[in-house]
A.B. asks: 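Here you go, one structure.
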Number of protein chains: 2
Amino acid sequence: MLDPVSRVRRFNRAVTSAVGALDTSFLGRGRPLGAARVLNAIGHGRSDVAEIRDYLGLDSGLMSRLLRSLEDEGMVETHAHDDDARRRVAKLTRAGRREFAAYEALSNAQAEGFLAHHSQREALLAAMDMIASALTRERVALAEMDPQCEEARYCLGEYYAELGRRFKQGFDVSLSRDPDAKDMRRPRGAFIVATSDTLPIGCVGLKGTDHGYAEIKRLWVAPAARGLRLGRRLMDAAEDTARGLGIALLRLDTNSALPEAGQLYRTTGWREIPRFNDDPYPDLFFEKRL
Amino acid sequence: MLDPVSRVRRFNRAVTSAVGALDTSFLGRGRPLGAARVLNAIGHGRSDVAEIRDYLGLDSGLMSRLLRSLEDEGMVETHAHDDDARRRVAKLTRAGRREFAAYEALSNAQAEGFLAHHSQREALLAAMDMIASALTRERVALAEMDPQCEEARYCLGEYYAELGRRFKQGFDVSLSRDPDAKDMRRPRGAFIVATSDTLPIGCVGLKGTDHGYAEIKRLWVAPAARGLRLGRRLMDAAEDTARGLGIALLRLDTNSALPEAGQLYRTTGWREIPRFNDDPYPDLFFEKRL
DNA sequence: GATATTATCTGACTAAGGTCAGCTAATGCT
DNA sequence: AGCATTAGCTGACCTTAGTCAGATAATATC
């Protein structure tokens with residue numbers, strides 16, 4: 001009853017019936033689930049027939065028939081691909097977009113229903129984020145992004161908020177040596193964001209300098225994604241990027257109030273060095289030769 | 001991307017594919033899912049055909065055929081019920097028990113796989129408990145249990161641990177006026193446990209005294225189940241039980257370090273009264289006339 | 001004892017999902 | 001130009017899940 005495996009299995013049971021309920025509500029629109037899935041895949045922007053087939057794991061014959069039935073219903077139109085007339089591209093008709101919106105409304109309603117009447121929404125959402133991250137761990141994607149894009153700004157905002165909570169004296173970005181966005185763009189540096197199924201869950205910045213080394217900045221992992229060794233993956237990616245840019249020496253600063261960060265650096269080949277800047281927040285300094 | 005509904009839907013997507021993976025692994029044993037479910041239901045102790053049918057939501061014709069196919073495979077034997085020869089009782093054969101064990105092993109392996117390589121197991125399990133409780137909120141069952149049964153002891157252990165964390169001075173059961181188990185058994189009192197799909201998630205004790213009133217003791221709600229208004233449900237059940245036992249006056253003590261408890265009492269008809277015992281831990285005392 | 005109710009089973013039927021071999025037309029390669 | 005490959009389509013077929021109307025036998029009710 002109380003061992004970890006039983007708890008996971010209890011969770012599985014609870015979730016299985018919830019998933020079944022959503023499927024049932026989808027059936028309410030009078031269309032088999034297979035066709036509804038295809039329609040939704042197209043609505044979410046997947047247009048290439050092969051891409052949809054791959055995403056939904058369908059046999060090509062079945063896919064073809066489902067697409068045909070949606071065409072007969074007037075929900076979908078297909079055209080030959082511009083570059084390759086063998087390939088087909090599907091798009092929603094006006095009626096199809098209306099139908100897709102109805103499915104979206106159902107999904108949203110069930111999500112809202114789940115949150116409704118729960119007085120600890122934020123805790124519940126954090127739990128869901130954590131589980132979704134754990135379940136899709138092997139599908140976490142790292143990608144270089146502009147340090148001023150929406151995803152990056154979200155990560156940095158969360159990062160600053162967390163420093164504010166964890167530093168006794170709080171954290172004020174304007175007092176810190178805020179890296180210039182242009183120093184974290186190629187070819188001087190880079191900014192890497194980890195996303196799990198559209199949700200940003202971590203980031204790291206590689207900041208170019210004019211002093212013969214680059215700096216690692218803004219390493220952050222969302223609370224929901226801790227325990228997945230994402231920090232290590234981000235650092236590996238940042239170091240690889242640095243190597244690719246021909247950078248031979250990396251430095252970083254951190255604070256002893258973030259022990260898990262120091263621990264990560266120490267176990268991945270970083271060497272503690274004396275203070276190399278006058279930023280008021282850090283009290284620990286590291287260096288790594290690539 | 002970051003609004004609550006998107007986060008719930010991301011969770012749904014993650015979980016849907018995980019559930020599908022478990023179903024697929026079940027298919028690996030060469031038996032359709034329907035038959036596998038019946039076999040597992042029997043393995044988990046459901047023997048009455050009608051009970052299984054009801055649990056799995058199957059049509060009686062379908063159920064009959066699935067049971068027949070399991071019999072043909074030699075996994076299951078059915079007999080007429082002792083008291084009513086119309087009813088049938090199913091039990092696993094030796095081969096059926098072996099097959100059931102194989103399914104159990106699959107379920108356990110996938111649960112263990114989920115937990116494996118995750119360095120924050122306890123946080124992950126707590127998140128799963130919370131979500132499972134929220135999903136099965138309307139299926140939380142309150143039942144009177146013996147205050148010394150396994151479920152009750154688990155709840156009390158968690159309750160003491162939580163007091164230890166929340167009281168500045170810690171909590172030592174032996175210093176508190178630990179209610180005698182016999183005072184929380186009928187007809188003097190009762191002990192009520194809330195369970196969600198086998199997991200105990202809350203409790204409350206009704207302790208009989210010889211002073212013309214009964215006391216509410218050991219009200220506890222698991223962290224994973226907070227926000228579901230379970231505390232209120234437990235209190236309602238305890239008060240109903242007290243009424244049923246002919247008790248006209250209830251008292252309780254609590255501590256201002258547990259503000260949510262005080263809040264609950266104040267909004268449900270309890271009236272603050274002066275200290276009525278010499279227990280060192282409580283600093284707030286309430287009374288309610290039924 | 002007759003009649004109604006029940007628990008389960010059987011046969012007939014349907015929908016949905018899925019597989020597979022072969023077809024057509026476009027494209028890539030030499 | 002000729003051949004192989006690729007993307008998608010079609011027809012034939014199968015399994016699973018599910019529904020529904022009786023049939024059968026045991027039990028409950030009057």
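To find a chain, count down the sequence lines: A is the first, B the second, and so on, and within it residues start at 1. The basis for the numbers below is simple: all heavy atoms, side chains too, and nothing from hydrogens, waters or symmetry mates.
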A.B. asks: What residue pairs, at least two apart or across chains, pass salt bridge (Lys or Arg N to Asp or Glu O under 4.0 Å) with a residue in residues 48-58 of chain B?
C.D. replies: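 Counting only pairs at least two positions apart or across chains, the salt bridge (Lys or Arg N to Asp or Glu O under 4.0 Å) contacts touching residues 48-58 of chain B are B/Asp48-B/Arg87.
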A.B. asks: Rounded to the Å, how far apart are B/His79 NE2 and C/dT8 P?
C.D. replies: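 Distance check: B/His79 NE2 to C/dT8 P gives 15 Å.
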A.B. asks: Of all residues at least two apart in sequence or in a different chain, which pass the side chain to side chain donor-acceptor pair (under 3.5 Å) check with A/Asp146?
C.D. replies: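 Partners of A/Asp146 under the side chain to side chain donor-acceptor pair (under 3.5 Å) test: A/Arg185.
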A.B. asks: What string of B, S and - do you get for nucleotides 11-22 of chain D, 5' to 3', if B is base contact, S is sugar-phosphate-only contact and - is no contact with any protein heavy atom under 4.0 Å?
C.D. replies: BB---SSBBB--
A.B. asks: Please report the distance, rounded to the nearest Å, between CE in A/Met63 and C1' in D/dA7.
C.D. replies: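 Taking atom C1' of D/dA7 as the reference, CE of A/Met63 is at 12 Å.
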A.B. asks: Partners of A/Arg153 by side-chain contact (heavy atoms from CB on, under 4.5 Å), sequence neighbours excluded?
C.D. replies: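 Not a single residue meets the side-chain contact (heavy atoms from CB on, under 4.5 Å) criterion with A/Arg153.
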A.B. asks: Does a side-chain N-to-carboxylate-O contact under 4.0 Å join B/Asp240 and B/Arg243?
C.D. replies: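 So B/Asp240 pairs with B/Arg243 through a salt bridge.
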A.B. asks: Can you list everything that forms a side-chain contact (heavy atoms from CB on, under 4.5 Å) with A/Arg9? Sequence neighbours excluded, please.
C.D. replies: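 Applying side-chain contact (heavy atoms from CB on, under 4.5 Å) to A/Arg9 gives A/Val5, A/Arg13, B/His44, B/Glu104, B/Ser107, B/Asn108, B/Ala111.
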A.B. asks: Do any side-chain nitrogens or oxygens of A/Arg87 fall under 4.0 Å of OP1 or OP2 in D/dG8?
C.D. replies: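 No, no such contact exists.
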A.B. asks: Compare side-chain N and O positions of B/Arg88 against OP1 and OP2 of C/dA7 and report whether any pair is under 4.0 Å apart.
C.D. replies: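 B/Arg88 to C/dA7 OP1/OP2: no side-chain N or O under 4.0 Å.
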A.B. asks: Side-chain donor-acceptor contacts of residues 24-33 of chain B below 3.5 Å, not counting sequence neighbours, with atom names and distances?
C.D. replies:
| from | atom 1 | to | atom 2 | distance (Å) |
| --- | --- | --- | --- | --- |
| B/Thr24 | OG1 | B/Gly20 | O | 2.8 |
| B/Ser25 | OG | B/Leu22 | O | 2.9 |
| B/Arg29 | NE | B/Glu99 | OE2 | 2.7 |
| B/Arg29 | NH2 | B/Glu99 | OE1 | 3.3 |
| B/Arg29 | NH2 | B/Glu99 | OE2 | 3.4 |
| B/Arg31 | NE | B/Glu73 | OE1 | 2.8 |
| B/Arg31 | NE | B/Glu73 | OE2 | 3.3 |
| B/Arg31 | NH1 | B/Glu99 | OE2 | 3.0 |
| B/Arg31 | NH1 | B/Tyr103 | OH | 2.8 |
| B/Arg31 | NH2 | B/Glu73 | OE2 | 2.9 |
| B/Arg31 | NH2 | B/Glu99 | OE2 | 3.4 |

A.B. asks: For A/Arg68, check salt bridge (Lys or Arg N to Asp or Glu O under 4.0 Å) against everything at least two apart and list the hits.
C.D. replies: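 A/Arg68: salt bridge (Lys or Arg N to Asp or Glu O under 4.0 Å) contacts with A/Glu71.
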A.B. asks: Can you give one letter per nucleotide of nucleotides 24-30 of chain C, 5' to 3': B if a protein heavy atom sits under 4.0 Å from the base, S if only from the sugar-phosphate, - if neither?
C.D. replies: --BS---
A.B. asks: Mind checking what makes side-chain contact (heavy atoms from CB on, under 4.5 Å) contact with A/Glu122, not counting sequence neighbours?
C.D. replies: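 Applying side-chain contact (heavy atoms from CB on, under 4.5 Å) to A/Glu122 gives A/Leu125, B/Arg7.
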